[in-house]
Every structure is written in structure tokens, then in C-alpha cells.
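What follows is one structure encoded as C-alpha cells, with my remarks underneath.
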Amino acid sequence: MKLSPQERAANRAAFRSMSLAQKADYIFAYYKLPLVLALVAIVALGSVAHRALTHKEALLYAAFANVVPPDAVDEALTTGFVLQHGADLARNEVSCYRELYLSSEASVADHQYAYASRLKVMAAVEGQQLDVALMNQEAYDLLSASGFLLDLRQTYGDDPSLQTNTVVLDSNQVEVDLGEAETYEAKTMDAANALDVTQSPLLQGFSGDEPIYLGVIANTDHMDAALAYLRYVAQGQR
């Protein structure tokens, strides 16, 4: 209902005579819904603005499988590459899947963790959000056998640190698991699908006695950056 000028004047006078607490109660009682909607809009706009200002583009997606680099090495493998690549740290990053555990003989306690890590890797590969993998021998064997790693002979060139591993093209593993076959049979091939980067200056003091390998995911969507990353780590250019 539209108020007359006299009624509006009386309401203003009554509002001015209220205490601060009474004014707050009045405003909340009569304008609660518009205030809530305005607050929601402000929060939403702030969230969108924050994401826009802080969002970083992934130069590369990397996985650390069965290896946990200490902070200094982790920084060299991520921030160091962005800087070496000449990109802006405020806008670019190496996006990492850390603390992945891949094993075909995981203990009962670690089985769920290994299964979850394998699913994460498979989803990342399927979504083309994984480009390179830093791994120990066990993880390298599993990723190679699954056909996830790119044969580097054509793209990376001849290099003494190139490692050859087995790729399983076809097998009766499912039948063996279901008890429908007693003997495991597989059709395989060899591929030079990783670099031995154990002696990389970037990894000194980290690897210990266990070899460390670096490979490119076969369906990478960032081939140039992935190959540049291999050279960066292999040559130890900080």
C-alpha cells in the first residue's frame, strides 16, 4: 500500500527517534530478504573475482609416483621449471599429483591407497591432465606395462639415459583373476619410455640408492612442455 506524504514523514521521524539497536532490529525485520540476497551476491562476486585474480594456468601436469621429494627438490621440480621456462609465477604453475602410491603387491593396509592412486592416475590420463611422471622402479614398471608412457626414441632422440621397459599389449589377466585361466599369458613389446634421472643435479640428496625415472604420458596435451621438462630435469638446469 502506498503511504501518504504525512505517513512517510511520521515514519521517518519515528525511525530517527529509535536507538541504534532498535534501528538495527527494524532494518533487519523489514529488509531481511533483500539484505541476505545482497550479501549472497557480494560473496559470489567476491569469489569469482578471487578465482579470476589467483587462477594459474598449468604449464604442465606432473605426477610423483612412489617418490616424495623434499621441499627443496619439490620446489626445483615445480617453481624452478616455471622460472626456467620464462613464465610468470603469478599466472603459471606445474600442477602436481603428489604422494601417489602404485603397487601390484600392496599390503592389506595399503591396498585401498594403491587402488585410489591408480584410479586417480587413470582419470588424469583419460582427462589429458597428466603429462609427465616421476617414479621409482615399481611405479615405472606398472605405468609402462599399462601403456601409459610415451616411447621417447622418436621425440626425445637418442640418449644414454633412455630406459627400455615392457609394454603389455594384450593379456589374459582378467581370466586369471577370475579363475578362468591358470597360466598368465601376455603379448608384449619393449619401449624406450623413460629417462633415468637418478644423477640429475636437481635430485641430489633425494634419490638414495634407488633409481628414479621420468617419463612422458603417451596422450599428453603439452608435448613441447613435457619434452622441455625432461631436458630441464635431466640436465639439472635451475
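These numbers were taken from a predicted model, which means no experiment stands behind them.
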| Donor-acceptor side-chain pairing of Asn92 and Glu57 below 3.5 angstrom | no
| task | Please step through side-chain hydrogen bond (donor to acceptor under 3.5 Å, both in side chains) for the pair Ser103 and Glu138, ending with a clear verdict. | result | CA-CA 7 Å; Ser103 177; Glu138 183 178 22; 2.7 Å; yes
| How long is the span from the CG atom in Leu142 to the CE atom in Met135, to the nearest 0.5 Å? | 10.5 Å
| Nearest heavy atoms of Gly236 and Pro201, plus distance in Å | CA-CD, 3.8 Å
| request: With sequence neighbours excluded, tell me which residues meet side chain to side chain donor-acceptor pair (under 3.5 Å) with Tyr140. | output: Asn193
| query | So which heavy atom on Leu100 is nearest to which on Ala63, and how close? | reply | CD1-CB, 3.7 Å
| Atom pair OG/CD of Ser117 and Glu99 - distance to nearest 0.5 Å | 9.5 Å
| request: With sequence neighbours left out, write down each residue that passes side chain to side chain donor-acceptor pair (under 3.5 Å) with Tyr213, or none if nothing qualifies. | output: Gln137
| field | Test side chain to side chain contact (heavy atoms under 4.5 Å, CB included) applied to Arg153 and Asp158, step by step | value | CA-CA 6 Å; Arg153 283 173 290 197; Asp158 189 24; over 6 Å; no
| field | Distance-only polar pair, side chains of Asp190 and Asn165, donor-acceptor under 3.5 Å | value | no
| message | Which residues pass the side chain to side chain donor-acceptor pair (under 3.5 Å) test with Thr220, not counting sequence neighbours? | response | Asp131
| remark: Gly147 and Val167 have their tightest heavy-atom pair at CA-CG1, 4.0 Å
| request: To the nearest 0.5 Å, tell me how far Glu105 CD sits from Asp110 CG. | output: 13.0 Å
| query | Once the angle between the rings of Tyr61 and His222 is folded into 0 to 90°, is it parallel (under 30°), tilted (30 to 60°) or perpendicular (over 60°)? | reply | tilted
| remark: Going by chain and number, the hydrophobic cluster around Tyr115 (ILVMFWY, side chain to side chain under 4.5 Å) further includes Leu119
| Within a radius of less than 6.0 Å around CG of Asp88, do more than 12 heavy atoms belonging to other residues, nucleotides or ligands occur? | yes
| field | All side-chain contact (heavy atoms from CB on, under 4.5 Å) counterparts of Leu230, not counting sequence neighbours | value | Val132, Leu152, Tyr156, Leu195, Leu214, Val216
| For Asp221, side-chain contact (heavy atoms from CB on, under 4.5 Å) partners two or more places apart | Gln128
| said: If the test is side-chain contact (heavy atoms from CB on, under 4.5 Å), which one of Thr78, Leu77, Leu60 qualifies with Cys96? | reply: Thr78
| query | How long is the gap from OH on Tyr97 to CZ on Phe64, to the nearest 0.5 Å? | reply | 12.5 Å
| note | CD (Gln112) and OH (Tyr101) are apart, to the nearest 0.5 Å, by 13.5 Å
| For the atom pair CZ (Arg231) and CD (Gln84), what is the distance rounded to the nearest 0.5 Å? | 11.0 Å
| said: Using side-chain heavy atoms (C-beta onward) and a distance below 4.5 Å, is Val73 in contact with Leu202? | reply: no
| Heavy-atom neighbours of Met122 CE exceed 12 at 6.0 Å | no
